[in-house]
Amino acid sequence: MATIEIDKVSKIYHGGVPAVSEVDIQIDDGEFIVLVGPSGCGKSTLLRMVAGLETISSGTVKISGRVVNDVEPADRDIAMVFQNYALYPHMSVRENLAYGLKNRRTPKNEIEARVAEAARMLELGPYLDRKPRALSGGQRQRVAMGRAIVRHPSAFLFDEPLSNLDAKLRVSMRGEIKRLQRRVGTTSLYVTHDQLEAMTLADRLVVLNGGRIEQIGRPLDVYHAPASTFVASFIGSPAMNLVQGELHGSRLAIGPALIDLGQAVPTQGAVTVGFRAEDLQVATGGAAAHADTLPLSVDYVEELGSQRLVHGTVGDQAVTVALSSDAPLSGEMQVAVPLGRLHFFDAGTGRRLAWSTAETHRTTTTANLLETAR
Amino acid sequence: MHRTRILDHAVLILGALFLTLPVVVAFMTSSHEAAAIHSKGLMLSPGGHFVDTYEKVLTRQGGFTGQVTGARMMMNSFILGVGFALGKIVLSMLAAYAIVYFRFRFATLAFWVIFTTLLLPLEVRIMPSYEVMSGLGLINTYTGLIVPLLASATGTFYFRQFFKSVPEELLEAARIDGAGPFKFFIDVLVPLSKTMIAAIFIIMFVYGWNQYLWPMLMTTDERFFTLMRGIKQILQVWIGSQIPDYNEAFALAVLAMLPPVLVVVVFQSWFIKGLTESDK
């Protein structure tokens, strides 16, 4: 088992903008870390630097306390699962699984035992003698994972392993990866652009943007207290509503609406206000303006079955509201803002502004709950 | 569905005849006697001298020294063809491997230098090549026949294109699996290139088999004569009133056709199998 320490690691392609700059991540033994971000944010590059497939421009990567900057990928004691599986097409499943072990001069009976073990774990038994081309996408993905497992590496690296699968298979493979990682307890670093995948799999999330870390934290902490507007809009679906507002005393002006916060505010003047679609509710008392409501003019409605997403505007700013599927609809609605669940971000930098005691209290509670649940 | 009509068949039959008739004529004519061919021209019907003509061609000691037989020439051609094809494949695969997978200075330049030699036919460098070979004392050896022709821009180019189409992840997976450059080449790249190797083998074998000018320069000893030279030799005996052995020339030509045909037939089935089955 292993820890991975990524210390001020940067990647600069010749003459260009840094693809990854000064990233610090400490990964504990057995932890499942997910690197998440939009395409081009440097998450794959970072993973490949840990794997040794990409050189490290500056900083150090340590695996189990050993600096591996100049160590060959094969000697880093890691295994990687690739997006397009990268199975050897001319080898049977069994040979694919055994190839890495064979190159390490593992004794024959040991190889057989490990391949059999991995095949049992991944239910690949009946396919051991088939070529990859005779397998379905999900089965190929399992072989790719099997190839990682048989090595008994100190860390797994996953490079968007599920993005070539269809939606349904992706969900079931997601569960399988999680279960498997729990079972073998191997430290894992997982790259994805899918925030849902990130939320469900991660012990801790690392949200990357433009080669920099925006936030590191447990999925629910990140969800409930995004460190920046970027994280707020990236994590959670539908994306968090972000609107421009103005703070005057304890009052918040959003477009035409004026909301009384009734407590201390983090700053004054222009501010970005965030609130999640699912925290908004139709205001009771009909169309009359309230102290804590926003007037929403509805553009269109998306029916998801379990809920309906109402897309509209407040003033000239887009706002999405998630309502239960039987909620009444009308062209002009009053939606109640959850005062305890407002997020404030600096209008210039987009960084989070800490404000109410209630909020900090809530996140620590969820953190504690998670801790005890583990 | 398109219904096959008589016209379609007619076109097909015509095409088939156009391609096979010369071969049929050569084969039929070879089974007649030289005198009959001389007086009546090409034949379309089988004559009665099939066995003895072919036996004579394959086993008769011919040439000035009387040391060379048809079988011997066939073997020489075969050695040339196979050595040529295998050598070219090994050499061009290694060259392409270096160009595609290793980052060294002037790799692109090296590739373009190799590539531009595609434009130069063998004949351009035949004199210097001969000079070098004679300097090394390799005239009248198989080495001298084969080695100078082994560098192949065509082969290198094909393999380069093929290697470039092999997904990068395969190399990365192999690196993580602990396969070094040599292992990756042998364990992954070579098996993946099977179809390409078969294709190049067909092309190069036929090319080597059909070589005429180079063997003629390189070999003065009749023991190293190839079939192509043998055919020429037979037709050269037109001295005085002697009739050339047309039948034997035709028989040799037919024999000369067989190995390439065999190679194509054998390797084509691999080739097609590989094309339809493998996905990289």
inquiry  = Counting only non-hydrogen atoms closer than 4.5 Å, does A/Ala79 touch chain B with its backbone (N, CA, C, O), its side chain (CB onward), both, or neither?
reply    = backbone
key: Carboxylate-amine/guanidinium contact A/Arg66 A/Asp77, below 4.0 Å   = no
task = Please say whether the positively charged group of A/Arg147, taken as NZ for Lys or CZ for Arg, lies over the ring of A/Tyr88, i.e. under 6.0 angstrom from the six-membered ring centre and within 45 degrees of the axis.
result = yes
request  = Say whether, by atom type as modelled, one donor and one acceptor occur between the side chain of A/His90 and the main chain of B/Asp187 under 3.5 angstrom.
outcome  = yes
query = Do B/Thr141 and B/Leu138 pass the side chain to side chain contact (heavy atoms under 4.5 Å, CB included) test, and can you show the C-alpha distance, the side-chain angles, and the key distance before you say yes or no?
reply = CA-CA 6 Å; B/Thr141 59; B/Leu138 287 172; 3.8 Å; yes
query = Which bit of A/Leu87 is near chain B, if near means a heavy-atom gap under 4.5 Å: side chain, backbone, both or neither?
reply = backbone
ask   = Given A/Tyr127, which of A/Arg94, A/Arg142, A/Gln139 fulfils the side-chain hydrogen bond (donor to acceptor under 3.5 Å, both in side chains) condition?
value = A/Gln139
request  = Determine the option with the most heavy-atom pairs under 4.5 angstrom with chain B, choosing from A/Lys131, A/Arg104, A/Met80.
outcome  = A/Arg104
inquiry  = On the six-membered ring of B/Phe111, is B/Arg160 placed so that its NZ or CZ lies under 6.0 angstrom from the centre and within 45° of the ring axis?
reply    = yes
ask   = Which of residues 101-109 of chain B get closer than 4.5 angstrom to chain A, counting heavy atoms alone?
value = none
query = Under 3.5 Å, is there a donor-acceptor pair linking the side chains of A/Thr60 and A/Asn69?
reply = no
Toward chain B, the part of A/Arg76 with a non-hydrogen atom under 4.5 Å = neither
ask   = Where does A/Gln83 contact chain B at under 4.5 Å (heavy atoms): side chain, backbone, both or neither?
value = neither
key: Geometric cation-pi criterion, A/Lys11 with A/Tyr13: 6.0 Å, 45°   = yes
key: B/Phe205 side chain near B/Leu86 side chain, heavy-atom distance below 4.5 Å   = no
Which of A/Met91, A/Lys102, A/Arg48, A/Glu72 touches chain B most, by non-hydrogen pairs under 4.5 Å = A/Arg48
